[in-house]
Amino acid sequence: MPTIGRFAPSPTGPLHFGSLVAATASYLAARRAGGEWLLRIEDLDKPREQTGAADTIIQTLADFGFVWDGDILYQSQRLPAYQEALANLKPNTYPCTCSRKRFGACYPGTCRDKPLSNPAQQHSIRLRTHDQPICFTDQIYGKYCQRLESVLGDFVILRADGIFAYQLAVVVDDAFQGVNQIVRGADLLDNTPRHLYLQQLLGFPQPSYAHVPLVIDQQGQKLSKQNLAPAVSTEKRLDTLVAALRFLGQTCPDASDLDTLNAFWDWAIAHWNMASVTPQIPPAG
Ligand code: GLU
Ligand code: ZN
């Protein structure tokens, strides 16, 4: 089976160094395997979207010499597919009218088996979980297990504002696009058991997973669009790519020894080794 990898940014801000690292790792892993690399814009959360960010991200990736296969998929065009998945999950879902603030990290199942008293009332849809450990072997972290019911509780797959949750959309689209190799930031390691659970319920194959370390800023925070990480500069692209590759634990010639972006990518693809990426301490759970 050919390898199909992907990069799936949310257009909540420009590409920063942390997302460049994730893009680079997923790109190199897919290309090293002789596979395809797809680009998907995860633009479901319209309230959090920043106007123009999708185009900026796409342009920045092109400027850095990334070449994606096929057309870019926009999640905002995929609502019927999420609706269909929701219908297929129906036996395991229920409406919830609880406000999120009432609970900590774990939802105690308050609305399980409790029909809506007023169907017009705003509600989210939650997916029933179980407490058997759901495990997978991450290519960087090794074995990771999570008990969904006691760690998270039944989780939201359709938000009360009518927006499909990332958890559902990512699983539906990875299956739709035939993605079988997922390489992304370590902040999503503890989301993965939810994805495995959804894949099982929906009858989708399970991709391989590798969660690359997050870039931390001087305040010890992960670089993210929410903490307004600066856009990666396209001025010294070779130096930036060399820094990304070194961050990923790969050896790399000096930027001065690589005269073009093409030379960088040829070298990086030929030498990519996932085993050299150092894991970050996984979050509890
Ligand atoms: N859209 C997510 C983000 O930008 C990444 C989704 C994924 O790689 O599974 O954080
Ligand atoms: Zn509830």
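This one's a predicted model, so the numbers in the text were calculated from it and none came from an experiment. Every number for a ligand or one of its atoms is a count from 1 in the order of the listing.
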Residue-level breakdown please: for [X] versus ligand 1, do any non-hydrogen atoms fall below 4.0 Å on the side chain, on the backbone, on both, or on neither?
{"X": "R6", "answer": "side chain"}
{"X": "Y166", "answer": "side chain"}
{"X": "D187", "answer": "neither"}

Any non-hydrogen side-chain atom of [X] less than 4.5 Å from a side-chain atom of [Y]?
{"X": "P213", "Y": "F247", "result": "yes"}
{"X": "Q146", "Y": "L152", "result": "yes"}
{"X": "D190", "Y": "Y144", "result": "yes"}
{"X": "H211", "Y": "V183", "result": "no"}

In R184, R40, R78, the residue satisfying salt bridge (Lys or Arg N to Asp or Glu O under 4.0 Å) with D174 is R40

Under 3.5 Å donor-acceptor pairs involving side-chain atoms of residues 196-204, not counting sequence neighbours:
residue	atom	partner	partner atom	Å
Y197	OH	R128	O	2.5
Q199	NE2	Y209	OH	2.9

Could you enumerate the protein N, O or S atoms under 2.8 Å from the Zn ion (ligand 2), written like residue then atom name? C96 SG, C98 SG, Y107 OH, C111 SG

Counting distance only, does the side-chain N/O of Q83 pair as donor-acceptor with the main-chain N or O of A81 below 3.5 Å? no

Check for a donor-acceptor pair, side chain of D173 on one end and backbone N or O of E42 on the other, with a separation under 3.5 Å. no

Those atoms of ligand 1 less than 4.0 Å from some heavy atom in [X]:
{"X": "V170", "value": "9 (O)"}
{"X": "R184", "value": "7 (C), 8 (O), 9 (O)"}
{"X": "E42", "value": "1 (N), 2 (C), 5 (C), 6 (C)"}

If you have a sec, work out which protein heavy atom is nearest atom 5 (C) of ligand 1 and how many Å separate them, to one decimal? A8 O, 3.4 Å

closest protein heavy atom to atom 10 (O) of ligand 1 is S10 OG, 4.3 Å

Does N191 form a side-chain contact (heavy atoms from CB on, under 4.5 Å) with Q167? I'd like the steps, not just the answer. CA-CA 8 Å; N191 286 225; Q167 311 296 342; 2.8 Å; yes

When you measure from the centre of the six-membered ring of Y107, is the NZ or CZ of R126 closer than 6.0 Å and no more than 45° off the axis? yes

